[in-house]
Enquirer: 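Handing you a structure now.
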2 protein chains.
Amino acid sequence: MKYSKQRELILTYVQNTKTHPTAEMVYNNVRQKIPNISLGTVYRNLNQLCEYNLIRKISTPNKIDRFDNVYDNHGHLYCHECGKVEDISEEIISSVCDFIADKTNYDIISHDVILVGICRNCKKKRR
Amino acid sequence: MKYSKQRELILTYVQNTKTHPTAEMVYNNVRQKIPNISLGTVYRNLNQLCEYNLIRKISTPNKIDRFDNVYDNHGHLYCHECGKVEDISEEIISSVCDFIADKTNYDIISHDVILVGICRNCKKKRR
DNA sequence: ATTCTTGCAAAGAGTTTGCATAATA
DNA sequence: TATTATGCAAACTCTTTGCAAGAAT
C-alpha cells in the first residue's frame with residue numbers, strides 16, 4: 001500500500017473516535033484538513049483499510065455502513081430508535097458466541113455480532 | 001386494509017417459505033401468478049405487511065432486506081460466506097437477549113437479533 | 001362515491017467505478 | 001519511470017414515491 005495523506009487521516013480518525021462513524025462522518029471530518037477530498041476517495045480508502053484489517057465495517061439495519069477500529073473482538077448494539085451504535089465488550093460477546101456456536105453449528109465471527117435493541121436514553125424518553 | 005390479490009399472494013408466500021426471501025424473490029414468485037405485478041407494489045406491500053406486524057423485515061450485512069414470518073421471536077444467523085439466513089430458535093435467542101440485556105442495560109428487541117457467522121456448508125467447503 | 005391499490009416510471013440514498021491527472025516509490 | 005492514489009462525475013443497486021388509472025368497500 002502506497003502512502004497517502006488522505007488515507008492516513010481517514011485511518012487515524014476511525015481508530016480514534018468512539019462514534020462508529022459513517023463514510024459521510026469520516027468525509028466531513030477529514031475535509032477539515034483536506035478540503036477538496038472527495039467522498040469517493042473516502043469510500044475507496046475505508047474499503048481498502050477493511051481489506052487490510054486495519055479497520056472494520058459494521059452493517060446496521062438502517063443500511064448505512066459504519067466503521068470502527070479492530071483493537072479487539074467487541075460486538076455492537078444498534079439502537080433501533082436513535083440509530084446509535086454502542087460497544088458490547090469482548091467478554092460478553094465471546095460467551096454469547098460460544099453459546100450460539102454450540103447450539104447451532106455455526107462458527108460465529110465474533111467481530112460481526114450486531115444486536116438490535118433500545119438504548120438507555122431512548123428507554124428513558126419512552127416513559 | 002383493503003383487500004388485494006397482490007397483497008394476499010405476497011403474504012402467503014412470505015409466511016410459507018423458509019428462504020427468508022428478498023423483495024426480488026417475492027416478486028419473482030408472485031409474478032408466476034400475476035405476471036404484470038410491479039416491483040414497486042411488492043415493496044409497498046411488504047412494508048405495509050410489516051407495519052401491520054403480519055411479517056417482519058430482516059436486515060442483513062449485505063444490505064438487501066429479507067422478509068420472514070412472525071410466528072415467534074426466533075432470531076437469525078447470517079452466513080457471511082454464502083449469504084444464507086438461518087433461524088435461531090426462540091429459546092436460544094431469549095437466553096442470549098436476557099444475558100446481554102442484563103449486562104448492557106439495553107432492552108433487546110429479540111426478533112431483530114442477527115448474528116453473523118459461517119454456516120455448516122461453507123465450513124465444510126473451506127476444508 | 002369514496003378510498004385504497006395498482007403499474008409504471010422517475011427519483012432517492014448510499015456506494016462503487018472509469019478516467020485523466022497527480023503523487024509516491 | 002512504474003505504480004498507485006486522487007478528484008470528479010457518472011453509473012449502479014436497492015428502495016421509495018408521484019401520478020393517473022383501476023379495484024374494493
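Proteins come first, then strands; the chains are lettered A, B, ... in the order of their sequence lines, and each starts at number 1.
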Enquirer: In Å and rounded to the nearest 0.5 Å, what is the CD1 to CG distance from I88(A) to L77(A)?
Expert: 3.5 Å
Enquirer: In whole Å, I'd like the distance from the CG atom of L46(A) to the P atom of dG14(C).
Expert: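 It is 15 Å, rounded to the nearest whole Å.
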Enquirer: Taking a hydrophobic cluster as the set of Ile, Leu, Val, Met, Phe, Trp and Tyr residues connected by side-chain heavy atoms closer than 4.5 Å, whether directly or through intermediates, do I34(B) and M25(B) fall within one such cluster?
Expert: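 No.
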Enquirer: Roughly, in whole Å, what's the span from CD in Q48(A) to P in dT15(C)?
Expert: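 Taking atom P of dT15(C) as the reference, CD of Q48(A) is at 17 Å.
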Enquirer: Using nucleotides 9-11 of chain C, report all nitrogen or oxygen pairs with the protein that are shorter than 3.5 Å.
Expert:
none

Enquirer: Calculate, to the nearest 0.5 Å, the distance between atoms OG1 and CG belonging to T22(B) and N62(B) respectively.
Expert: 9.5 Å
Enquirer: Any side-chain N or O of N47(B) less than 4.0 Å from the OP1 or OP2 oxygen of dT16(D)?
Expert: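 Yes, because at least one side-chain N or O of N47(B) sits under 4.0 Å from OP1 or OP2 of dT16(D).
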Enquirer: Could you pull out the closest heavy-atom pair between N53(A) and V70(A), with the gap in Å?
Expert: O-CG2, 3.5 Å
Enquirer: Where is the tightest heavy-atom contact between A23(A) and V42(A), given as atom of each residue plus distance?
Expert: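 Taking A23(A) first and V42(A) second, the nearest heavy atoms are O-CG1, 3.7 Å.
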Enquirer: Taking all non-hydrogen atoms of both residues into account, name the closest pair between I37(A) and Y27(A) and its distance.
Expert: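 For I37(A) versus Y27(A), the nearest heavy atoms are O-CE1, 3.3 Å.
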Enquirer: Is R7(B) reaching over with its side chain to a backbone N or O of K2(B), donor-acceptor style, under 3.5 angstrom?
Expert: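 Yes.
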Enquirer: Just by distance, do the side chain of T17(A) and the backbone of Y13(A) share a donor-acceptor pair under 3.5 Å?
Expert: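 A pair under 3.5 Å: no.
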Enquirer: Determine yes or no for a side-chain-to-main-chain donor-acceptor pair under 3.5 angstrom, with R120(B) supplying the side chain and Y106(A) the backbone.
Expert: no
Enquirer: Any idea which heavy atoms bring N105(A) and K123(B) closest together, and the distance?
Expert: O-NZ, 3.0 Å
Enquirer: For residues G83(A) and R66(A), report the shortest heavy-atom separation together with the two atoms involved.
Expert: O-NH1, 3.1 Å
Enquirer: For DNA chain D, what residues of residues 63-70 of chain B have any heavy atom nearer than 4.0 Å?
Expert: K63(B), I64(B), D65(B)
Enquirer: Starting at atom OH of Y43(A), determine the distance to atom P of dA13(C), rounded to an integer number of angstrom.
Expert: 12 Å
Enquirer: Starting at atom NZ of K33(A), determine the distance to atom C1' of dT6(D), rounded to an integer number of angstrom.
Expert: 19 Å
Enquirer: To the closest 0.5 Å, what do you measure between OG1 (T60(A)) and NE2 (H20(A))?
Expert: 11.0 Å
Enquirer: If I take atom CD1 in residue I37(B) and atom P in nucleotide dT5(C), what distance separates them, rounded to the nearest angstrom?
Expert: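 Taking atom P of dT5(C) as the reference, CD1 of I37(B) is at 13 Å.
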Enquirer: Taking only the side-chain nitrogens and oxygens of Q6(A), find out if one of them lies under 4.0 Å from OP1 or OP2 of dG7(D).
Expert: yes
Enquirer: What does the B/S/- profile of nucleotides 18-25 of chain D look like, 5' to 3', with a 4.0 Å heavy-atom cutoff to protein?
Expert: B-----BS
Enquirer: Just how far, in rounded Å, is C1' of dA23(C) from CD1 of I34(A)?
Expert: 12 Å
Enquirer: N28(B) has an atom CG; how far is it from atom P of dC14(D), in whole Å?
Expert: 12 Å
Enquirer: Side chain to side chain contact (heavy atoms under 4.5 Å, CB included), that's the test. Do D68(A) and V85(A) meet it? Break it down for me.
Expert: CA-CA 10 Å; D68(A) 196 12; V85(A) 176; over 6 Å; no
Enquirer: Of all residues at least two apart in sequence or in a different chain, which pass the salt bridge (charged side-chain N to carboxylate O under 4.0 Å, His left out) check with D65(B)?
Expert: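 Result, salt bridge (charged side-chain N to carboxylate O under 4.0 Å, His left out) vs D65(B): K63(A), K57(B).
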Enquirer: With a 4.0 Å limit, can you tell me whether T41(B) has a side-chain N or O closer than that to the phosphate oxygens OP1/OP2 of dG7(C)?
Expert: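 Yes, within the criterion.
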Enquirer: Please answer: with hydrophobic residues joined when any side-chain heavy atoms are less than 4.5 Å apart, are F67(B) and V30(B) in the same cluster?
Expert: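 Yes; tracing contacts between hydrophobic side chains, which count when under 4.5 Å, links both residues.
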Enquirer: Considering non-hydrogen atoms only, spot the tightest contact between N45(B) and Q6(B) and give its length.
Expert: ND2-CB, 4.4 Å
Enquirer: Hey, does the side chain of S94(B) reach the backbone of E91(B) with a donor-acceptor pair shorter than 3.5 angstrom?
Expert: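 Side chain of S94(B) to backbone of E91(B), a donor-acceptor pair under 3.5 Å: yes, one is there.
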Enquirer: Between the axis at one end of the helix from dA1(C)-dT25(D) to dA25(C)-dT1(D) and the axis at the other (five pairs apiece), what's the angle to 10 degrees?
Expert: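 End axes: 30° apart.
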Enquirer: May I have the distance from L11(A) (atom CG) to dA5(D) (atom P), rounded to whole angstrom?
Expert: 14 Å
Enquirer: Under 4.0 Å between a side-chain N or O of N45(B) and OP1 or OP2 of dT6(C)?
Expert: yes
Enquirer: Check each residue of residues 13-24 of chain A for a non-hydrogen atom within less than 4.0 Å of any atom in DNA chain C, then write out the ones that pass by number, or none.
Expert: none
